[in-house]
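Okay, structure first, notes after.
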Amino acid sequence: MRDGFGREIGYMRISITDRCNLRCRYCMPEGIRLAPMEEILTYEEIEMVCKAASELGITRFKLTGGEPLVRAGCPKLVGMIKGLSGTEQVTLTTNGILLGEYLDELVANGLDAVNVSLDTLDCRTFRQMTGYDGLERVKESIHKAVKTGLKIKINTVLQKGINAHEWEALLQLAKENPLDVRFIEMMPIGCGRKQEGIEGNKILSLLKEKYPGIHRDDMLHGNGPAEYYRIPGFAGGIGFISAVHGQFCADCNRIRLTARGELKPCLCYEDSVDVRGILRGQARDGSEGAKKRKEAVRDAVRQAVERKPRKHCFDEEEQITEGRQMVQIGG
Ligand code: SAM
Ligand code: SF4
């Protein structure tokens, strides 16, 4: 389905929980108020939204959070969405702590690809950035995932004075393994506003100096706005998601579903369409009632697509109306 600016919207990011087993400082501050469990959509409710979305041409789904793997039954949800007739692809974004444990089940349920967020290869920095000693578990998960042959992307957010110098060490993951390492610019959402990120172009310049053979790779690697490069001798690719400095909104292809059942047209603005109210609205009996509910859910998805703004406003922070943390929205 096309939005008001003629963009084809075929992709939905679904936050299945606002809970997390890490406390990344730019995403989930201590003391954050979590949604009461009864406000979180059930898997059956998420499935209904996906079904409605797929009838409108949204065929690729990404499970995210919070940390999706802390919610019991996440692999089951992968299977539920994969089983819908319109689904082309179900992928997952995870911090990797529990990935090793659930990998086989995720693959058995049809997971198509996984993104693992990893900002550092230094144990102390990992603890400093996330509040936990989890680096070894994440590394083990990545190695296990490589062995399954699953498509893997490593997502890295670099911060000045914290992990910026690690770009080269992180890049080695793509040298040695058939996976993509992607550098994502810090977005001014929630605590991210207070952190100083690194511009994608700066990292690219460093890469060009170090690896003169680096060249653009125009092959499609995923559903997102990343630009990809190849370095001769590397098993995997290098990606840049320049969320702030690269203007990729003209190619935006997505809407988001928060764990509390809001359909969000854009990460940057508070605007949302409440789908939980529709899913849980007054019970309507019989097949006629079920049909009306399905139509109302479809209408909500349609509205979210129609209300997509032309562009985000990360370059004009005072215009950002989304006041929540990334973990509450779903990154
Ligand atoms: N817990 C999972 C994970 O860490 O991959 C999924 C949710 S997390 C919110 C998804 C992604 O958002 C992570 O790669 C994280 O680094 C990124 N993220 C969180 N806050 C961000 C911010 N302010 N700017 C840029 N990326 C951010
Ligand atoms: Fe949790 Fe992911 Fe946010 Fe880190 S980035 S706090 S792992 S949701």
Side-chain angles (χ1 to χ4, degrees), residues 13-32 34-35 61-71 74 91-99 102 106 113-120 125-135 137-138 141-142 145 152-160 162-163 166 170 180-200 203 222-226 239-246 248 254 256-259 264 267-268 312 314 317 320 322-331:
R13 291 180 75 94
I14 306 166
S15 172
I16 69 167
T17 179
D18 61 355
R19 271 70 176 164
C20 189
N21 47 1
L22 297 183
R23 291 289 178 277
C24 303
R25 293 193 333 193
Y26 52 73
C27 177
M28 190 178 192
E30 293 292 347
I32 192 172
L34 299 172
F61 301 93
K62 163 93 69 203
L63 303 187
T64 180
E67 171 50 38
L69 292 176
V70 299
R71 180 159 177 188
C74 176
T91 57
L92 176 84
T93 290
T94 170
N95 60 32
I97 297 281
L98 294 170
L99 180 63
Y102 287 109
L106 287 163
V114 67
N115 292 358
V116 183
S117 302
L118 179 62
D119 295 340
T120 174
T125 312
F126 190 95
R127 195 182 328 117
Q128 185 195 353
M129 293 184 81
T130 70
Y132 288 88
D133 264 326
L135 179 61
R137 282 186 77 174
V138 180
S141 292
I142 293 171
I152 308 165
K153 297 196 183 88
I154 307 293
N155 287 342
T156 294
V157 180
L158 294 180
Q159 284 180 260
K160 253 184 207 152
I162 297 179
N163 63 339
E166 288 198 62
L170 286 154
D180 294 337
V181 171
R182 307 191 306 173
F183 296 102
I184 302 181
E185 283 184 350
M186 178 75 72
M187 290 179 252
I189 293 285
C191 291
R193 279 192 195 213
K194 293 184 219 131
Q195 318 280 342
E196 204 174 351
I198 306 277
E199 201 176 317
I203 308 164
N223 294 306
F240 292 89
I241 302 186
S242 300
V244 182
H245 295 94
F248 49 51
R254 63 200 53 202
R256 293 164 190 271
L257 177 65
T258 70
K264 267 184 80 67
L267 190 57
C268 192
H312 67 55
F314 288 152
E317 285 191 27
I320 301 173
E322 179 53 81
R324 291 176 292 178
Q325 302 293 336
M326 196 69 101
V327 72
Q328 295 169 304
I329 307 165

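One-based numbering, in listed order, for ligands and for the atoms of each. All values reported here derive from a predicted model rather than from experimental measurement.
Close approach of ligand 1 to E185 is summarised as follows: ligand atoms under 4.0 Å from at least one heavy atom of the residue are 25 (C). Each of the following atoms of ligand 1 lies closer than 4.0 Å to a heavy atom of C27: 9 (C), 19 (C), 20 (N). Heavy-atom proximity to M28, at under 4.0 Å, picks out these atoms of ligand 2: 6 (S). Every atom of ligand 1 is numbered from 1 in the order shown, and the set under 4.0 Å from a heavy atom of T94 is 2 (C), 3 (C), 5 (O). Listed by number with element, the atoms of ligand 1 under 4.0 Å from a non-hydrogen atom of T93 are 2 (C), 3 (C), 5 (O), 6 (C), 10 (C). The ligand atoms of ligand 1 that sit less than 4.0 angstrom from a heavy atom of T64 are 6 (C), 7 (C). The N95 neighbourhood of ligand 2 comprises atoms 7 (S), with distances under 4.0 Å to a heavy atom of that residue. Against a heavy-atom cut-off of under 4.0 Å, M326 is close to the following atoms of ligand 1: 9 (C), 19 (C), 20 (N), 21 (C), 22 (C), 27 (C). Atoms of ligand 1 found under 4.0 Å from any heavy atom of G192, numbered from 1 in the order shown, are 23 (N).
If you check which protein heavy atom lies closest to atom 3 (Fe) of ligand 2, you get C27 SG, 2.4 Å. What sits closest to atom 20 (N) of ligand 1 on the protein, heavy atoms only, is Y26 CD1, 3.3 Å. Closest protein heavy atom to atom 24 (N) of ligand 1: M187 N, 2.7 Å. Looking only at protein heavy atoms, the nearest one to atom 4 (O) of ligand 1 is S117 OG, 3.4 Å. Closest to atom 26 (N) of ligand 1 among all protein heavy atoms lies V157 CG2, 3.8 Å.
R127 has a carboxylate O that lies under 4.0 Å from a charged side-chain N of D133, or vice versa, which qualifies the two as a salt bridge.
Of the listed options G331, C24, G66, G66 places a heavy atom closest to atom 8 (S) of ligand 2. If you check each of G331, C20, G66 against atom 6 (C) of ligand 1, the one with the closest non-hydrogen atom is G66.
For E67, a nitrogen or oxygen atom sits less than 3.5 Å from a nitrogen or oxygen atom of ligand 1, counting backbone and side chain alike. Ligand 1 has no nitrogen or oxygen under 3.5 angstrom from a nitrogen or oxygen of D119.
Atom 1 (Fe) of ligand 2 has C20 among its coordinating residues (N/O/S atom, backbone or side chain, under 2.8 Å).
Residues L92 and N115 form no side-chain contact, since every pair of their non-hydrogen atoms from C-beta on lies 4.5 Å or further apart. You'll find the side chain of I189 stays beyond 4.5 Å of the side chain of Q325, heavy atoms only. Under the 4.5 Å side-chain criterion, counting only non-hydrogen atoms from C-beta, M187 is in contact with L267. Using a 4.5 Å heavy-atom threshold, the side chains of Y26 and M186 count as touching. Counting only heavy atoms from C-beta outward, the side chains of L69 and L106 approach each other to under 4.5 Å.
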Chi angles and distances behind the side chain to side chain contact (heavy atoms under 4.5 Å, CB included) call for L118, L135: CA-CA 9 Å; L118 179 62; L135 179 61; 3.7 Å; yes
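Partner of E67 under the side chain to side chain donor-acceptor pair (under 3.5 Å) criterion, out of N21, T94, T93: T94 alone.
The shortest non-hydrogen separation linking R23 to M28 is NH1-SD, 3.4 Å. Residue D18 comes nearest to Q328 through the heavy atom pair CB-CA, 4.3 Å, listed as atom of the first residue, atom of the second, then distance. When all heavy atoms of C268 and I320 are compared, the closest pair comes out as O-CG2, 3.2 Å.
For V327, the closest heavy-atom approach to ligand 1 does not fall below 4.0 Å.
Judged purely by atom type and a 3.5 angstrom limit, E317 has no side-chain atom pairing as donor or acceptor with the backbone of P188.
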